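Read through the structure below, which is laid out as structure tokens, and then see the notes.
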Amino acid sequence: GPDIHLDLPEVQFFGASTLHTKISRHWSDLPTDQHEGLRAQLLSHILRFSSGPKMVLTRLCVALASMALNLIPQAWPQPVADMVRAFQPQKPDSEGGAGAEASQDPHAHCLALLELLTVLPEEFQSGRLVQARRAQLREALAGEWAVVCPMLRQLLQSQDSSNQVKDKVLRCLSSWVGLDVPLGESHELVQDCFAALSNPELFDTAVETIVTAISQPDCQRYIDALVNLMPLVLGLHDQLKTAAQDGDMETSHGICRIAVAMGETHSRVLLEQVDHWQEYLALVNMILYCTGIPGHYPVSETTSSLTLTFWYTLQDDILSFEEEKQAVYLQVYRPVYFQLVDVLLHKSHYPSQEEYTSWSTDDKEQFRIYRVDISDTLMYVYEMLGAELLSNLYDRLGRQLMDPQQSAVWQDTEALLFGFQSIAETIDVNYSDVIPGLIGLIPRINISNVMLADTVMYTIGSLAEWLADHPVMLGGILPMVLQGLVKAELSVSSVSTLKRICRECRHDLAPYAQDILTVSQDVLLKEIHKSSQCMWLMQALGFLLSGLPVDEILGRLHSLITPHVQRLDTLAQHELNPTNKQSIVHILGMMSSLFTTLDINVQADSSEGAASPRLTPSQTTQNPVSSGPSSITQNPHKNCMPWNTGTVAVCGVFDKSVRTLLHDFGPMVAQLSEMLGQIYSAFPQASALDLARQMVHIFAGDEHHISDIRGLIEVLTSATLTIFQQGPRDHPDIAESFMHLHAQILKRKPDMYLSDQLDIKALFYCGILSLKFPETPTVKAASLFFTELLPRCKDMPSLGEVLQGDGKLLTETILQAVGGGSPRSLTEYFSEVLLSLNRHCPALLSQWLRETLQTPGFPSAQVSTEQKHTFSQQLLREQTNKRRVKEIVKEFSLLCRGLQGSGYSDY
């Protein structure tokens, strides 16, 4: 063996580690006739180092354990018995003199033996073993448990064992439990562990061991053993209560873990032990006590959060029984679940304002997440308790608000509303008969407290769909939302609630439109809200306007945006500095947000013979400035062009009113177009392009405005071409918005491309450059630009010429990207352009593929000429099947990257 007589612990540790590596990794290098000698030497060194240093002892134990795993079962049939024998206090004799050198300290020997027995299963778990060998070893080790188990019991019960020894025994048991040793053969030992819980020094280790032991799923094969452990778990209830009353968080946390491990791992099995139903009910009540443990999470208790998943498990198990059996269990457990709701609402209470202010940011965030978890639990429990749960909450809220004494405590009201909102947020409460009453109660709530006011707002928001079906109730509730809107501290909750109401109830908001617009305009001009909430608010107003009669829309739109346009005008006159820039971006963003959700689409409703505004479900992204395409470009198959020729013919009289209104709107479009052009030329910004895109969508169909819009597009395009000439790499957002703008023009008003002022060849190049970006949104926008452009090439000679000249470059760029030049996740966008090329100019594509792919090593050295040929043939065959083209391109991309057959092709 190596020379471990050098005294430095580091050197000894290095020696022991090297030995372990040799045994675990290079076992086959060791001649069989040396096995016996090495084993004896290792045992002798372990005895010598039993008093320390600890790190050397552990490495030696791991080395011997590794050796045992190589020899069991044939070459070393009874390893544990031999190890125990080797560690008996012995006279200096046979063992190669080992006993003479070893320290004769029985306590140290006992600890060393326990260390060795602890690392044996651990080494098995972490070893790299083939399946068959692992099964053989597992069986052999499980057989050794019969020797280990009685010894551990004896040590744990013995008066002479020190705490150190008992601690090691507990850890050793934990380690063996991982081998799935049968609980039936060790439940007495697990029972002994419960005695260790009364010893403060052993408490933590005992908890870990008990939890590990009873969390083994196969314990369910040993139902008697589980039933025998039950009284011991229930016996901890008094210790739990005392700990909770004394604020001893560690003890209550530990006992709670044991109760939850027992209840959650085995709920189904224990529910089925009908003779022991009272014991299991007692366990459930013990866990309920843990859920409602006194104190505020996470500051003065950390236990209650451990129990929440238990309630899901128990409910699932009860509801999985067949009907008759289920009815019996529900009779016992529904009352418990009603109690649980009370407990959860109580636990979700905010502390007093003073106390809450003293909490750290981290504690506040943990409490927020805890409330989300409670909210999810309440929603889940609803499945078991149903409508009765809502009536229950409603009755309590009513009693509370009617009694001035009770309603003085805002936390109680807040918690009940929080419960309501948790359920209404995800469950369809339309049939519930308590919602009208609730809507009636809400205005009675005094919202001077911010936390309560926030919850009131979110509760109203969660009922938006209900309000859409019962619009008569809007009058009572809207004033509260508008009251919240003027308070900066309620910004997020009040704006998001107003947005939900405007989205869901827009057809019924006409009587309240004036109030909503007045308050909104006021808060926008006073700059009460942060930028992103202003965007949401503008989206809300877009929904609101979309639902109004068409002859009202433009007038209101006019008065809504005039102040912002004037502000833009003023800013555009001034020297550009960072503050001005920020204000400009903010205003452009707001207008863009408004146009994202504003849809004044008009079409005749044949059934009534009258026309009604048609609404397309619009985007509700959080920040529309950077959100990319609006609903229009997201769904290219939907013909949602307002006032297009088809509609004009159908709408007759009705359409004339729209045209007149648009005509009245003229000065605004002219002014806005001119300003946008000025601002963008001085200060290129994606939000200006987004707003221009919305203007193209709404106004390009109207002859009064087309020249303004055309002028704007020419200015924006020439300024952007300059950016592309200078190198657009730092402006992926501008490239993206520019591509979306031109895709919209091609779709909505392609004859703009007949203008001499638009350099179509340069635009085509911009598209090609944008395809080379690594950013997904930019590539997606560029592919949309090409899929809008290619179908137009047949009818528009100027486009056709550009395609003839530069289509080969486009094809080459796409192949290079697919072949490894761009991230693999972007291939689907390239495949869309290839499909479009194949659909609209198959002969040209065939020629371009042939010419580009004949270059050796292009697009990658990994693909052969034959593979390139196959790819071309497969691609050219597909002119309609989008999914198939995606697969062909993806497959080729993997080939080019050398990833074919590496398992990637499955993703």
Side-chain angles (χ1 to χ4, degrees), residues 542 545-546 548-562 565 591-592 594-595 598-604 611 613-614 616 630 632-633 638-678 680 688-718 740-758 760 763 788-789 791-792 795-799:
L545 292 174
S546 304
L548 295 180
V550 78
D551 50 357
E552 269 182 51
I553 295 176
L554 284 154
R556 296 208 183 270
L557 184 58
H558 208 293
S559 54
L560 175 62
I561 61 179
T562 301
V565 173
M591 297 178 70
S592 193
L594 174 68
F595 287 127
L598 178 69
D599 188 355
I600 351 175
N601 210 344
V602 181
Q603 66 177 23
R614 179 168 69 89
T616 52
S630 72
I632 306 127
T633 45
K638 193 147 88 202
N639 174 19
C640 52
M641 299 180 186
W643 316 301
N644 63 11
T645 45
T647 323
V648 176
V650 182
C651 294
V653 182
F654 196 66
D655 179 58
K656 282 206 185 72
S657 66
V658 176
R659 294 196 157 247
T660 329
L661 286 164
L662 280 181
H663 183 56
D664 295 346
F665 206 76
M668 182 73 82
V669 174
Q671 191 186 1
L672 195 52
S673 301
E674 191 178 343
M675 269 169 24
L676 263 186
Q678 281 174 1
Y680 187 80
L689 298 172
D690 293 339
L691 182 52
R693 183 181 80 234
Q694 307 287 2
M695 289 170 68
V696 169
H697 172 52
I698 294 180
F699 299 114
D702 184 72
E703 68 274 9
H704 297 106
H705 298 140
I706 189 62
S707 62
D708 293 322
I709 301 272
R710 191 189 300 278
L712 170 62
I713 297 307
E714 286 165 5
V715 173
L716 296 179
T717 300
S718 88
H740 276 305
L741 170 62
H742 276 278
Q744 176 72 290
I745 294 166
L746 284 162
K747 178 175 186 162
R748 186 83 180 77
K749 199 70 186 158
D751 54 6
M752 276 198 200
Y753 270 60
L754 300 173
S755 154
D756 304 340
Q757 303 301 310
L758 277 190
I760 297 174
L763 282 170
E788 288 292 350
L789 181 138
R792 308 272 181 205
D795 318 327
M796 299 177 67
S798 52
L799 283 182

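Throughout, residue positions are numbered sequentially from 1 according to the sequence presented. All figures in this text were calculated on a predicted structure; none of them were measured in a lab.
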Glu674 side, atom CD; Asp708 side, atom CG - distance, nearest 0.5 Å:
9.0 Å
Are the side chains of Val715 and Gln678 in contact, using a 4.5 Å heavy-atom criterion?
no
Separation between CG (Leu598) and CD1 (Ile698), nearest 0.5 Å, reads 4.5 Å
Checking side-chain contact (heavy atoms from CB on, under 4.5 Å) for the pair His740/Leu689: CA distance, chi angles, key distance, verdict?
CA-CA 9 Å; His740 276 305; Leu689 298 172; over 6 Å; no
Minimum heavy-atom separation for Ala692 to Leu676, with atom names?
N-CD1, 4.2 Å
Could you tell me the separation between the CG atom of Asp795 and the CG atom of Asp751, rounded to the nearest 0.5 Å?
12.0 Å
Under the side-chain contact (heavy atoms from CB on, under 4.5 Å) rule, what do Tyr753 and Met796 come out as? Steps first, then yes or no, please.
CA-CA 9 Å; Tyr753 270 60; Met796 299 177 67; 3.6 Å; yes
So, do Lys749 and Ile709 sit near enough that their side-chain heavy atoms are less than 4.5 Å apart?
no
Straight-line distance of Leu594 CG to Leu545 CG, nearest 0.5 Å:
6.5 Å
Report yes if the side chains of Leu763 and Leu789 come closer than 4.5 Å at any heavy-atom pair, otherwise no.
no
Is the gap between the ring centers of Phe699 and His704 under 6.0 Å?
no
Interatomic spacing from CE in Met752 to CD in Glu714 - rounded to 0.5 Å:
8.5 Å
Passes side-chain contact (heavy atoms from CB on, under 4.5 Å), Val565 versus Met591? Steps please.
CA-CA 9 Å; Val565 173; Met591 297 178 70; 3.8 Å; yes
Main-chain N/O of Leu746 paired with Arg792 side-chain donor or acceptor, under 3.5 Å
yes
I need the Ile561 CD1 to Met668 CE distance, nearest 0.5 Å.
4.5 Å
Are side-chain heavy atoms of Ile745 and His742 found at a separation under 4.5 Å?
yes
Which pair of non-hydrogen atoms, one from Asp690 and one from Ser592, has the smallest distance, and what is that distance?
CB-OG, 3.5 Å
For Ala743 versus Glu788, what's the shortest heavy-atom pair and its separation?
O-CG, 3.8 Å
For a 4.5 angstrom cut-off between non-hydrogen side-chain atoms, does Leu712 reach Leu672?
no
